[in-house]
Amino acid sequence: MSSSHHASLMDKIYRHQRKIYDATRKYYLLGRDRLIEDLAARPDARILEVACGTGRNLDLVDQLYPHRQLFGLDISEEMLATARVKLGARVKLAQGDACGFDPAELFGVAQFDHIIMSYSLSMIPDWQGAIAEALRHLAPGGTLHLVDFGDQAQLPRGFKTLLRAWLAKFHVSPREDLGAVLDQLAPGAEVQHGYLYRNYAQIARIQARAVA
């Protein structure tokens with residue numbers, strides 16, 4: 001799928017949903033707050049969220065870690081319209097493709113200490129490419145933080161079947177091989193991967209090597 005096609009699809013999906021997105025997603029996008037609480041961002045940290053959507057996560061980051069440099073990227077102008085109202089001047093926002101973007105051009109910043117990808121990989125066709133692109137923009141010693149749907153292996157089969165059918169309506173596909181892919185994409189980096197809520201969600205962090 002081309003970048004322009006994916007952008008059009010996301011705009012179509014969220015043109016109206018963005019108005020109720022935060023109120024409805026809080027019930028099943030689990031693990032987002034835990035990821036943010038675990039950032040442990042330094043006072044001078046530069047924090048980027050890829051596929052920032054309505055800005056809900058960046059708003060919470062700003063509350064927990066005030067006065068950091070915050071940035072948000074999303075392919076959907078519809079979602080960014082909501083994020084701009086929510087976040088105002090607190091966050092620099094830009095439209096772009098998670099699989100290929102130039103942060104220096106978009107934000108005037110080349111690298112980030114923390115990059116967040118929250119329930120976005122399951123909607124990005126080239127999700128492995130998106131991870132590789134995020135890793136490319138990490139500062140030495142920086143960390144990529146991921147949370148998304150897991151394999152639901154420890155949940156009742158009926159629940160899993162209904163959940164997968166519901167997610168498919170929104171072009172969402174859980175990435176069940178995320179853990180193995182991270183080891184392949186980040187050789188030499190410190191990779192942590194685990195599951196939350198009986199495998200409903202999966203959470204991971206990849207810390208880049210620091211400069212010797």
Side-chain angles (χ1 to χ4, degrees), residues 20-43 45-74 79 82-83 86-87 90-91 98 112-124 127 130-131 134-135 137-139 141-156 159-160 163-164 166-167 170 172-183 185-186 189-208:
I20 60 170
Y21 185 93
D22 291 344
T24 56
R25 266 57 175 186
K26 67 181 180 180
Y27 297 109
Y28 63 90
L29 298 188
L30 308 178
R32 296 180 296 171
D33 292 354
R34 173 170 171 173
L35 180 152
I36 293 169
E37 291 166 359
D38 290 345
L39 284 180
R42 301 191 314 265
R46 295 157 296 176
I47 303 171
L48 167 69
E49 182 174 15
V50 175
C52 64
T54 64
R56 180 265 184 196
N57 293 334
L58 286 168
D59 186 33
L60 181 57
V61 170
D62 187 46
Q63 294 177 43
L64 295 180
Y65 307 98
H67 311 303
R68 273 61 170 186
Q69 299 179 63
L70 303 182
F71 307 87
L73 177 83
D74 204 282
M79 289 296 246
T82 296
K86 183 191 304 290
L87 300 171
R90 292 179 293 152
V91 180
F112 304 91
D113 303 295
H114 300 273
I115 298 180
I116 298 168
M117 300 186 76
S118 169
Y119 284 92
S120 55
L121 295 176
S122 51
M123 296 196 72
I124 298 174
W127 62 276
I131 294 173
L135 290 171
H137 300 305
L138 275 181
T143 306
L144 173 61
H145 308 262
L146 307 169
V147 66
D148 216 305
F149 292 104
D151 59 15
Q152 294 92 46
Q154 298 184 35
L155 292 170
F159 176 87
K160 177 178 179 177
L163 176 64
R164 293 300 178 94
W166 171 254
L167 295 177
F170 301 99
V172 174
S173 299
R175 309 308 185 184
E176 297 187 3
D177 55 342
L178 175 62
V181 168
L182 294 180
D183 289 329
L185 291 176
E190 180 183 337
V191 178
Q192 299 175 13
H193 175 268
Y195 292 95
L196 303 172
Y197 316 113
R198 298 177 65 187
N199 290 50
Y200 177 90
Q202 56 186 324
I203 191 166
R205 54 187 291 146
I206 305 94
Q207 185 168 5

Taking atom [atom1] of [X] and atom [atom2] of [Y], what is their separation to the nearest 0.5 Å?
X    : Y    : atom1 : atom2 : value
L39  : N57  : CG    : CG    : 9.5 Å
Y200 : Q154 : OH    : CD    : 15.0 Å
L185 : I131 : CG    : CD1   : 6.0 Å
L182 : R175 : CG    : CZ    : 13.0 Å
S118 : L29  : OG    : CG    : 6.5 Å
I115 : H137 : CD1   : NE2   : 7.0 Å

ask   = Donor-acceptor pair, N199 side chain versus D151 backbone, under 3.5 Å?
value =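 Judged by distance alone, no pair lies under 3.5 Å.
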query = Do the side chain of R42 and the main chain of A40 share a donor and acceptor less than 3.5 angstrom apart?
reply =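 Absent.
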request  = Kindly indicate, with the supporting measurements, whether the criterion side chain to side chain contact (heavy atoms under 4.5 Å, CB included) is fulfilled by V91 and D62.
outcome  = CA-CA 9 Å; V91 180; D62 187 46; 5.7 Å; no
Sub-4.5 Å side-chain heavy-atom contact between [X] and [Y]:
X    : Y    : result
Y119 : V172 : no
I116 : V50  : no
F71  : R46  : yes
H114 : H145 : yes
D148 : M117 : no
L196 : L30  : no
T143 : D113 : no
L121 : L146 : yes

message = Is it the case that the side chains of R164 and Q152 hold a donor-acceptor pair, with the cut-off being a distance below 3.5 Å and no angle test?
response =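 Yes, side-chain donor-acceptor contact under 3.5 Å.
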Looking at every non-hydrogen atom in both residues, tell me the closest pair between [X] and [Y] and how far apart they are.
X    : Y    : result
G150 : P174 : O-CB, 3.6 Å
G53  : D74  : N-OD2, 2.8 Å
F149 : S122 : CD1-OG, 3.9 Å
A41  : I47  : CB-CD1, 3.8 Å
G72  : L58  : CA-CD1, 3.8 Å
L138 : A208 : CD1-CB, 4.2 Å

Less than 4.0 angstrom from a charged side-chain N to a carboxylate O is my criterion; do [X] and [Y] meet it?
X   : Y   : value
D33 : R56 : yes
E49 : R32 : no
R90 : D59 : yes

key: side chain to side chain contact (heavy atoms under 4.5 Å, CB included) between L155 and Y197, worked out   = CA-CA 9 Å; L155 292 170; Y197 316 113; over 6 Å; no
task = For side-chain hydrogen bond (donor to acceptor under 3.5 Å, both in side chains), just list the numbers for Q192 and E190, CA-CA rounded to whole Å, side-chain angles, deciding distance to a tenth of an Å, and then say yes or no.
result = CA-CA 7 Å; Q192 299 175 13; E190 180 183 337; 3.0 Å; yes
message = For Y65 and H67, I'd like to know if the aromatic rings sit close, meaning centre-to-centre distance below 6.0 Å.
response =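 No, they do not, as the ring centres are separated by 6.0 Å or more.
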